[in-house]
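The structure appears right after this line, and notes come after that.
Labels below follow one simple rule: chain letters A, B, ... track the order of the sequence lines, proteins then strands, and each chain is numbered from 1.
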Number of protein chains: 2
Amino acid sequence: MVEPIGRRERKRLATHHALRAAALRLGAERGIRDVTVEEIATAADVSVRTFYDHFPSKEDAIIGFDAWRVDQLRDALADRPADEAPLEALRVVMGQLFHESSGEWPLRMRAINADPALLGRMFVSFIAYERALVEVIAQRTGLDSERDPYPALVTAVATAAFRASMTTARASGGALDPAATFDAAITRLGAALSPPQREDGPTTC
Amino acid sequence: MVEPIGRRERKRLATHHALRAAALRLGAERGIRDVTVEEIATAADVSVRTFYDHFPSKEDAIIGFDAWRVDQLRDALADRPADEAPLEALRVVMGQLFHESSGEWPLRMRAINADPALLGRMFVSFIAYERALVEVIAQRTGLDSERDPYPALVTAVATAAFRASMTTARASGGALDPAATFDAAITRLGAALSPPQREDGPTTC
DNA sequence: TGCACTCATTGCACGACGTGCAATGAGTCG
DNA sequence: CGACTCATTGCACGTCGTGCAATGAGTGCA
């Protein structure tokens, strides 16, 4: 767990964080569409070229999630009790997304409000999570994710709850708490999504 | 319903269709990343500038859906029987998306296979549908979509079923039919998603 | 300590993207 | 026929995203 990290990588992480923080701040202030990559790079005191070595686009610097988070989420799901319902396991694991990233969410939400197109980009970035989680669910249920729609379905439904919670919380102007709404939505859906019986080949659903 | 359409608009629609067809064909053949807007415009025999008067980007020419389709879908949902379960109504209406567009789907699927990032763009374009459908669901159930998560949730779940069907059908290499998988998935979810009671203010879920 | 190696950062160059603007000409309406 | 609408077009410009080679700090080994 405690990896000895060298000075080089520490500096790289600092640069990475500085770029993300700059993008987040500028995007929240003025909307990402009115911010150029050059401004972000300058704010982080690096060159434009370096920015592109850390993020494929300025949008990703705001709403994209690092690759290691995907692994982290996958491991967290794999560590859930084997007898736990898939959707319940997803609720616990995905719910953590609301609480992480040390204060990045408020800025991120403001950036999204300033340019709602970012919400779409965010949902797209969830696809990477989904791909990883689908495999874990398939393994837990003993189903083949390429022949049985169930793993993809239950994961997509969990993401749907996440999306709906974000959207509604945003629409309510802060009256609703995304995390609580997410938990309630998942609980509501839980009854319908216990895994199908296997043995008898891929289920129709 | 039968709008008298002039020559001017007919030509514009022809240009629109030619551009979409060219983008679809080239994207399916070589992957949209290796196709320039100039090539698409040339194939449709118009200028590059004209392309951008019809589509905001080459990706939208392949996976984006026209604005009038959103209205069409909203109207179709509004026309469903008032006593029909929301999710069932969504199943019928969204299921039509698989059968429309006169043969565009095979090319579209090939383009997506050539560049899976398009799948993400496609899901993003669904957001426009969702926004419209959420309002209709809210109206049908008498709920306030800004205070009660239910309309957004049930719509997002329907989209999740759509997404999972597309993804699994793609992963199965054609062994599964997206439309049938979608129907089955919705049916499976139906039990859990009857609308909440109103009267007593916004429900917790 | 010295030396070879790794790699994050940088500048440069280039093709592609997306849009504002004004001109043109076909289509439309009275 | 004349005034108006509007799809199309070329032009210009700023921005994006990436390949390539150079630089120098960081790292590991003798």
Legend entry - Contact nearer the 5' end of DNA chain C, comparing B:F55 with A:V46: A:V46
Inset, instruction - Could you check A:T50 against B:E38 and say which one's nearest nucleotide on DNA chain C is further toward the 5' end? - result: A:T50
Inset, instruction - Starting at CG of A:L133, measure out to CE of A:M94 and round the result to the nearest 0.5 Å. - result: 7.0 Å
Inset, instruction - Nearest whole angstrom, please: distance from the P of C:dG18 to the CZ of B:F51. - result: 8 Å
Inset, instruction - Could you please name the option among C:dT10, D:dT18, C:dA8 that lies closest to any side-chain atom of A:S47? - result: C:dT10
Legend entry - Nearest-angstrom distance from the residue atom CD of A:E9 to P of D:dT27: 10 Å
Legend entry - N or O in side chain of A:Y52 less than 4.0 angstrom from D:dG17 OP1/OP2: yes
Legend entry - OP1 or OP2 of D:dT8 under 4.0 Å from side-chain N/O of B:T15: yes
Inset, instruction - Kindly determine whether A:E146 and B:T168 satisfy side-chain hydrogen bond (donor to acceptor under 3.5 Å, both in side chains), including the steps that lead there. - result: CA-CA 6 Å; A:E146 293 191 0; B:T168 309; over 6 Å; no
Inset, instruction - Measure the distance from NZ on B:K11 to P on D:dT5 and round it to the nearest whole Å. - result: 20 Å
Legend entry - A:D60 versus A:S57, side-chain donor and acceptor atoms under 3.5 Å: yes
Inset, instruction - Please answer whether the main-chain N or O of A:T36 pairs with a side-chain N or O of A:E39 as donor and acceptor at a distance below 3.5 Å. - result: yes
Inset, instruction - Test for a donor-acceptor pair under 3.5 Å between the base of C:dT6 and the side chain of A:R8, counting only N and O atoms. - result: yes
Inset, instruction - Output yes when a side-chain donor or acceptor of B:S165 lies under 3.5 Å from a complementary backbone atom of B:A161, and no otherwise. - result: yes
Inset, instruction - For B:R49, answer base if it contacts any base atom (sugar-phosphate contacts may also be present), sugar-phosphate if it contacts only those atoms, and nothing otherwise; contact means non-hydrogen atoms under 4.0 Å. - result: base
Legend entry - Length of the CG-P vector between A:D53 and D:dA22, whole Å: 17 Å
Legend entry - Nucleotide C:dT9, atom P - distance to CZ of A:R10 in whole Å: 14 Å
Legend entry - Nucleotide nearest A:R7 when distance is taken to its side chain, options C:dC17, D:dG26, C:dG27: D:dG26
Inset, instruction - For B:H54, answer base if it contacts any base atom (sugar-phosphate contacts may also be present), sugar-phosphate if it contacts only those atoms, and nothing otherwise; contact means non-hydrogen atoms under 4.0 Å. - result: sugar-phosphate
Inset, instruction - In whole angstrom, give the distance that lies between atom CD1 of A:I40 and atom C1' of D:dG17. - result: 14 Å
Inset, instruction - Select base, sugar-phosphate, or nothing to describe what A:V48 touches, counting heavy atoms under 4.0 Å on all strands. - result: nothing
Inset, instruction - Answer with base, sugar-phosphate or nothing: what part of the nucleic acid does B:T36 contact at a heavy-atom distance below 4.0 Å? - result: sugar-phosphate
Legend entry - Nucleotide C:dA8, atom C1' - distance to CG of A:L13 in whole Å: 12 Å
Legend entry - Distance in angstrom units between B:H16 NE2 and D:dT8 C1', rounded: 15 Å
